[in-house]
Peer 1: 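First, the structure itself, so that you have it in front of you.
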Amino acid sequence: MGIIAWIIIGLLAGAIAKALMPGKDPGGIIITMLIGIVGGLLGGWLGKVIFGVDAIDGFFELSTWIAAVIGSVILLALYRLVTGSRRRHA
C-alpha cells in the first residue's frame, strides 16, 4: 500500500478509535492521524507476532482495518495514560 492509503487508513482508524474511546485528549486531528497510522502498523505487527497472520494485506481487506483500529485503540489508551499523568502533575 502507498503512503496515501496509510494516511487514509490512519485518519479513519484514529477516528474510529476516538469514537470507541470518547473523552478529552490533548492534540487534534494531527495527533489522531499519527496515532491511527502508527496504530495500524502496531496492529499489523501484533497480528503477525501473536497470531502468525499477515494482518496488513490490502486497503480493502477487513483484517487491515481491524488491525489498524485495534492498534489505534491501544495507542490512544497509552497516549491518554502518558498525557493524563503529565497534566495532573503540571
Side-chain angles (χ1 to χ4, degrees):
M1 287 190 305
I3 189 72
I4 301 296
W6 276 112
I7 291 172
I8 292 169
I9 288 174
L11 279 171
L12 295 173
I16 292 169
K18 181 106 169 137
L20 292 173
M21 298 177 63
K24 287 191 155 196
D25 291 319
I29 187 84
I30 301 297
I31 298 298
T32 301
M33 185 175 84
L34 291 175
I35 287 174
I37 292 169
V38 176
L41 295 172
L42 174 68
W45 179 76
L46 286 175
K48 185 174 282 191
V49 169
I50 295 172
F51 300 112
V53 297
D54 189 17
I56 308 298
D57 290 330
F59 187 82
F60 294 105
E61 295 293 326
L62 183 61
S63 61
T64 300
W65 289 92
I66 292 171
V69 170
I70 289 172
S72 297
V73 167
I74 292 169
L75 281 183
L76 183 58
L78 290 173
Y79 179 71
R80 286 183 180 178
L81 283 174
V82 169
T83 60
S85 63
R86 193 179 312 155
R87 278 188 290 173
R88 285 188 217 122
H89 295 300

Peer 1: Out of curiosity, I70 CD1 to L20 CG, how far, rounded to the nearest 0.5 Å?
Peer 2: 10.0 Å
Peer 1: Would you compute the distance between atom CD1 of I16 and atom CG of L11 and round it to the nearest 0.5 angstrom?
Peer 2: 11.0 Å
Peer 1: If every non-hydrogen atom of A17 is compared with every non-hydrogen atom of L76, which pair is closest and at what distance?
Peer 2: O-CD2, 3.7 Å
Peer 1: Looking only at heavy atoms, what is the nearest atom pair of S72 and G36, with distance?
Peer 2: OG-CA, 3.2 Å
Peer 1: In Å, rounded to the nearest 0.5 Å, how long is the span from CG of L75 to CD1 of I37?
Peer 2: 11.5 Å
